[in-house]
Amino acid sequence: MASLLLSRILGLLRDTVMASKFGIQLDTDSYRLAVSIPDTIFMLIAGGGLSSAFIPVFSEFIYTDRDEDAWKVFSVVTTICAIAVSLLIGLAWVLAPQIAAFMSAGKTIEIAGVNVGVDHIITPTVARLGRIMLPAQFAFLIGSILLGTLYARKRFLAPGLAPNVYNVGIIVGALVGSSIGIGIAGMAWGALIGAVLGNLVLPTLFMVGNGGWFKPSLDIHAPGVGKFFKLLLPVILGFSLPSVCALITQKFASVYPVGINSVLSLSNNLMMAPLGIFGHSLALAAFPVLSQFFAQNRMDMYRDQVSKTLRTTIYLSMPASAFLLALAPQIVNLAYGYGKAEADQLANTACALQVFSLAIWAWCMQPILMRGFFSIHQTARPIIIGTVMTAVFILMCLLGTRSNIGYLVLPAATNVAAILLVIALFFALEREVGVLDRKGVVQTLLKSLAGSAAMGGLAYGVFYFVPPDTRKIFVFILFTITFCVVAWVYYFITKALGMPETQYLSRAFDRINPRKAGRALR
């Protein structure tokens, strides 16, 4: 969780540097759309589903003392995937102009009150930036398998460092690119270098250092290889909502004027901060444990672990929703309000963030439920559900963009789709593993909502009297103090409501308190 917190901080710093150096306009829209070209590769070869299909198979061998088979299946899977992703990168390189034209179709800029199409201007830039970043997908996809060997053995340092190295690469690329005259292309080069160092070189060193080995092999009959591809096939054939949501949002955002692609991306990245810190970190930490319980047929402990992880995630993510909703303008201004960032686009970003924030708790629950399925070697059902929800999401986007609601219809559609997806996944997982702690999850949701409403209202009230032209340093100081105060308010309210999740924080405070820690040791 700490390493992913650092990753989100660096991710926000990356966006801050981008907005400061390049503003929120045509160039930044081009960069956001360019990311869709390598993302197409990521989607086609399953993306995060690659490691999700690999870890249960690898874990089964590791925890049943079949290390030789574990590293054999790793070698075969890595070899085949390396060949496949290389071919897809080559294909995407050739088709980059066509993909860029599809993604940027409809983009306009307002000149003297008239919307003028800029497709012909933006498409070549999108294709060029996309081609620079394409090779990074080799590092991401092969790196996900390398990191999977570390996750399975509960080695979390390298997986925690990988995204941080990637973000540092983009930040350095933006700073260098803006200073030497290559512009936003510096961010693309920084992304490529950061991906190779963080997702390929670093995990290779850690894997070898922890006793792993690799020998190129195409032995598809090796133990576990067939099971891996059986688990992976539904992920490849399906289009699960979490893996394609940002891609679809960027496509539909192209029908709105210049800057909206960047606005939705920047606001979504702020929303993704608590998702990464709470949702993904807890899901990744629980995944190898759930795989171990399933391999050892300890399903009572499996159900208890899933339920507790869901409740903890809700408890931590619900106040994040309230805080972002209450202080969206201040957060956006502190994060992005520098240099060339325009006031009207910052206001648009704040509005989008407020809409996105309403379903953070649902987005945080989703990765835990998905890994609940993957840990029991079940990939078909969650991917089918996710694909159906993707179709629903696309339909909502189609209808929304043809209405007069405006660009906020897109984050609203993601919220609806996310909540429906979580509900469907929860009950589907119960059909596979037995009844989870429904009552406890609902109680945690309602009590967390009550505590979050109180802390959000208090935070909004504090800043209601702060003039909008207040200097950022004073806003930051007040923001920090307010955050600490409302966090304590949330803790004490939820503790008064008898929420067992507060016990985690109580134990943490006891460890920090020297007197209580000393008594515990005695």
Side-chain angles (χ1 to χ4, degrees), residues 24 28-40 42-44 47-48 98-109 115 117-119 122-123 126 130 237-272 275 328 345 348-363 366 370 382-425:
I24 303 175
T28 54
D29 278 1
S30 298
Y31 176 78
R32 297 300 180 184
L33 289 167
V35 173
S36 66
I37 297 177
D39 274 358
T40 302
F42 195 72
M43 180 181 68
L44 288 175
Q98 288 76 19
I99 299 173
F102 172 76
M103 292 299 297
S104 58
K107 179 57 63 181
T108 61
I109 187 169
N115 288 331
V118 291
D119 308 45
I122 195 173
T123 296
V126 172
L237 295 178
F239 294 97
S240 186
L241 180 66
S243 63
V244 298
C245 182
L247 188 65
I248 294 170
T249 301
Q250 285 297 304
K251 164 58 186 171
F252 283 102
S254 290
V255 305
Y256 297 102
V258 164
I260 296 302
N261 288 89
S262 300
V263 161
L264 291 175
S265 181
L266 291 171
S267 56
N268 183 70
N269 287 346
L270 284 170
M271 182 271 287
M272 292 287 286
L275 170 58
Q345 297 291 28
N348 289 338
T349 304
C351 290
L353 176 59
Q354 288 177 319
V355 179
F356 272 126
S357 68
L358 297 174
I360 288 176
W361 58 273
W363 281 113
Q366 175 273 325
M370 291 293 285
I383 296 303
I384 291 172
I385 294 171
T387 302
V388 171
M389 291 305 167
T390 299
V392 172
F393 175 56
I394 292 174
L395 180 60
M396 287 191 292
C397 290
L398 277 171
L399 296 175
T401 52
R402 293 177 181 177
S403 68
N404 296 321
I405 300 175
Y407 71 96
L408 292 179
V409 73
L410 296 177
T414 67
N415 290 347
V416 174
I419 294 171
L420 292 176
L421 177 61
V422 163
I423 294 172
L425 287 175

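Along the sequence shown, the residues carry numbers beginning at 1.
- Under the side chain to side chain donor-acceptor pair (under 3.5 Å) criterion, Asn269 pairs with Asp15, not counting sequence neighbours.
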> Hey, mind stepping through Thr414 and Trp363 against side-chain contact (heavy atoms from CB on, under 4.5 Å) and telling me if it holds?
Replying inline: CA-CA 10 Å; Thr414 67; Trp363 281 113; 4.3 Å; yes

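- Between atom CG of residue Asn268 and atom CD of residue Gln250 there is a gap of 8.5 Å, rounded to the nearest 0.5 Å.
- Looking at every heavy atom in both residues, Val422 comes nearest to Ala362 through CG2-O, 3.0 Å.
- Closest non-hydrogen pair, Tyr256 versus Gly406, comes out as OH-O, 3.2 Å.
- Between atom CZ of residue Phe102 and atom CD1 of residue Ile99 there is a gap of 10.0 Å, rounded to the nearest 0.5 Å.
- The heavy-atom pair separating Val126 from Ser30 by the smallest distance is CG2-O, 3.7 Å.
- Here the straight-line distance linking atom OG1 of Thr249 with atom CG of Asn261 works out to 10.0 Å at 0.5 Å rounding.
- Note that CE of Met389 and CG of Leu421 are 6.0 Å apart. Values are rounded to the nearest 0.5 Å.
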Which pairs would a plain distance check flag for residues 393-402, meaning a side-chain donor or acceptor within less than 3.5 Å of a matching protein atom at least two apart in sequence or in another chain?
{"from": "Thr401", "atom 1": "OG1", "to": "Cys397", "atom 2": "O", "distance (Å)": "2.8"}
{"from": "Thr401", "atom 1": "OG1", "to": "Leu398", "atom 2": "O", "distance (Å)": "3.2"}

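- With hydrogens and angles ignored, the 3.5 Å screen pairs a side-chain donor or acceptor of Ser262 with a backbone N or O of Asp29.
- Leu410 CG to Ile260 CD1: the interatomic distance, rounded to the nearest 0.5 Å, is 9.5 Å.
- Residues Ala352 and Leu264 come closest through the heavy atom pair CB-CD2, 4.1 Å.
- Side-chain N or O atoms of Tyr407 include one that pairs as donor or acceptor with a backbone N or O of Asn348 at under 3.5 Å.
- Gln354 and Leu358 get closest at one heavy-atom pair: O-CG, 3.6 Å.
- Considering only heavy atoms from C-beta on, Leu408 stays 4.5 Å or farther from Phe356 through its side chain.
- Of the inter-residue distances, the one linking Ile385 atom CD1 with Ile423 atom CD1 reads 12.0 Å to the nearest 0.5 angstrom.
- For the pair Gly259 and Gln345, the tightest heavy-atom approach, listed with the atom from each and the gap, is CA-NE2, 3.5 Å.
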